[in-house]
J.: 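Have a look at this one.
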Amino acid sequence: MSEVGCCIAGGGPAGMMLGLLLARQGVEVMVLEKHGDFLRDFRGDTVHPSTLRLLDELGLADEFLQLPHQEVTRLGVTTDDGTYVLADFGRLPGKFSFLAFVPQWDFLDFLADRARRLPNFHLLMNAEAVGLLREDGQVIGARYRIPDGGEQEVRAPLTVAADGRNSVLRVDAGSRLREFGAPMDVLWFRLSKGPEESSPSFGGAGRITRGRMLVRLDRGDYWQCAYLVPKGGYAALQEAGLESFRTDLARLLPDGAALEALRSWDDVRVLSVRVDRLPRWHQPGLLFIGDAAHAMSPIGGVGINLAVQDAAAAARLLAAPLRSGVVPPRRLGRVRLRRLLPTVVTQLVQRQIQTRMVSRILAGDRPIGTPRLLRLLDRHPVLQGLPARAIGMGVLPEHAARPLPAGAGPRP
Ligand SMILES: Cc1cc2nc3c(=O)[nH]c(=O)nc-3n(C[C@H](O)[C@H](O)[C@H](O)COP(=O)(O)OP(=O)(O)OC[C@H]3O[C@@H](n4cnc5c(N)ncnc54)[C@H](O)[C@@H]3O)c2cc1C
């Protein structure tokens with residue numbers, strides 16, 4: 001059994017960022033990550049200006065941007081009538097007027113590497129949290145499993161569940177989600193770039209037409225694609241066969257687009273879209289952040305960034321009480337209070353877009369004109385900065401906590 005100031009279950013964007021920030025603030029931290037590395041399926045790789053600004057405040061942005069990445073300054077949508085700019089990040093004030101596309105495993109490796117340089121940060125890979133430790137109605141740590149090592153325990157005044165949308169600790173805590181549903185699922189796959197596509201006008205582009213929706217993100221030498229299907233619609237697509245899917249895609253892509261990379265259904269990953277959140281994000285000794293507290297729709301690609309912002313708010317509000325070894329439940333409640341507005345507003349906008357646009361397009365029962373919003377943005381380019389601000393910075397973007405006061409350090 002070990003004892004730390006804060007035990008974090010889950011080494012995703014939320015858990016790794018919280019671990020790094022708390023360790024910088026002098027808290028003894030242990031992060032439990034069930035996988036042996038961060039190299040997993042595609043899980044989103046958009047690092048938004050709000051996260052870049054946070055990294056900059058930590059003195060890490062320049063090094064981070066040394067990693068291979070693409071910088072996207074404009075997002076566009078092509079309808080049957082033409083191509084329109086949806087968001088222009090170049091209009092954002094500040095140093096980071098772009099989205100950085102960095103594979104999520106590189107992002108997590110980077111955070112892990114910088115955090116490991118701090119003596120009070122401990123990352124345990126291949127350690128799967130399996131349940132909570134409780135004493136007198138209070139969570140006092142977590143149980144975890146390591147390969148061949150059976151079950152171990154770690155005690156801490158605070159346990160943070162950052163173990164994602166299928167959080168095991170959430171189930172053990174008996175916390176029930178409020179679910180909002182979603183009309184679609186997303187198929188993720190890569191397509192090679194055709195020779196004539198080497199200099200696209202947009203780093204990210206949507207294509208909508210009657211019954212179909214496709215988003216392509218420029219990843220240098222290939223396109224990362226997201227194809228939307230009605231909820232549960234993947235089975236029907238598979239039944240119709242890969243060839244019919246490829247024919248369908250060809251209709252949505254510019255002439256000359258290469259489809260050879262799509263050789264079998266194994267090349268396709270399915271994201272079952274969920275929008276949900278916990279009514280309460282804490283219990284005595286326990287806090288939920290990131291997807292464990294709220295799964296987001298992929299619209300806007302904001303999941304990683306919300307998770308990171310939760311971590312920043314939690315670190316700012318909790319570092320001092322954690323250093324003293326006592327975290328009053330009211331203090332935990334303040335993390336949710338701070339992060340509730342960004343979560344609710346983002347989910348509200350996503351749900352509006354899902355019902356007003358995505359459902360209608362995917363229903364395919366009537367022709368799809370160009371949405372009025374796109375025409376408006378096209379007529380008044382200055383307005384293209386507004387969606388960029390909403391996507392790139394979000395509501396109530398966080399700042400890094402101030403540096404640790406001289407003399408303050410980890411609890412002995
Ligand atoms: C296919 C797909 C595409 C996406 N695209 C985007 C995108 O383009 N942009 C975007 O911003 N967001 C995207 N998202 C959402 C984004 O990935 C999540 O919102 C974000 O990663 C949430 O971060 P998190 O740290 O809360 O949870 P997660 O990223 O889910 O991390 C949870 C971590 O906990 C670990 N874990 C789970 N259970 C345990 C356990 N019991 N014990 C120990 N460790 C455990 C997991 O291995 C994982 O490392 C996408 C998601 C998917 C699935």
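Atoms within each ligand, like the ligands themselves, are counted from 1 in listed order.
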J.: Is there a nitrogen or oxygen of R165 sitting under 3.5 Å from a nitrogen or oxygen of ligand 1?
T.: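 In fact, backbone or side chain, R165 has no N or O that close.
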J.: According to ring pair (Phe, Tyr, Trp, His ring centres under 6.0 Å), who are the partners of H294, at least two apart in sequence or on a separate chain?
T.: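 Here the qualifying residues are W281.
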J.: Any side-chain donor paired with an acceptor under 3.5 Å for Q309 and R339?
T.: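 Not at all, the side chains of Q309 and R339 share no donor-acceptor pair under 3.5 Å.
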J.: Is G15 in polar range of ligand 1, meaning some N or O pair under 3.5 Å apart?
T.: no
J.: Mind checking whether A129 has an N or O less than 3.5 Å away from an N or O of ligand 1?
T.: yes
J.: Got a sec: does the CZ of R330 have more than 12 other heavy atoms crowding it under 6.0 Å?
T.: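 Open.
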J.: Is it the side chain, the backbone, both or neither of Q104 that has a heavy atom closer than 4.0 Å to ligand 1?
T.: side chain
J.: Just let me know how H35 lines up against ligand 1, side chain, backbone, both or neither, with a heavy-atom cut-off below 4.0 Å.
T.: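 For H35, only side-chain atoms sit under 4.0 Å from ligand 1.
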J.: I'd like to check whether T46 has a polar contact with ligand 1, where a contact means an N/O of the residue lying under 3.5 Å from an N/O of the ligand.
T.: yes
J.: Using distance alone, decide if ligand 1 has a nitrogen or oxygen within less than 3.5 Å of any nitrogen or oxygen in I289.
T.: no
J.: Could you list which atoms of ligand 1 come closer than 4.0 Å to a heavy atom of D291?
T.: 18 (C), 19 (O), 22 (C), 26 (O)
J.: Hey, what do you get for CG (L52) to CG (N305), rounding to the nearest 0.5 Å?
T.: 8.0 Å
J.: For V168 and ligand 1, does the shortest N/O to N/O distance drop below 3.5 Å?
T.: no
J.: Should the pair Y227 and F245 be assigned to parallel (<30°), tilted (30 to 60°) or perpendicular (>60°) ring geometry?
T.: perpendicular
J.: Determine whether the side chain, the backbone, both or neither of V302 has a heavy atom under 4.0 Å from any heavy atom of ligand 1.
T.: backbone
J.: Considering distance alone, does some N or O of W188 sit under 3.5 Å from an N or O of ligand 1?
T.: no
J.: Decide whether an N or O pair under 3.5 Å exists between L271 and ligand 1.
T.: no
J.: Checking contacts here: is it the side chain or the backbone of A295 that comes within 4.0 Å of ligand 1, counting heavy atoms only? Could be both or neither.
T.: neither
J.: Can you list, pair by pair, the side-chain donor-acceptor contacts under 3.5 Å of residues 256-266, counting residues two or more places apart and other chains?
T.:
residue, atom, partner, partner atom, Å
S264, OG, D266, N, 3.0

J.: Please say whether A307 places an N or O atom under 3.5 Å from an N or O atom belonging to ligand 1.
T.: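 By distance alone, the answer is no.
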J.: For ligand 1, indicate whether the residue P298 contacts it via side chain, backbone, both or neither (heavy-atom separation under 4.0 Å).
T.: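 Answer for P298: neither.
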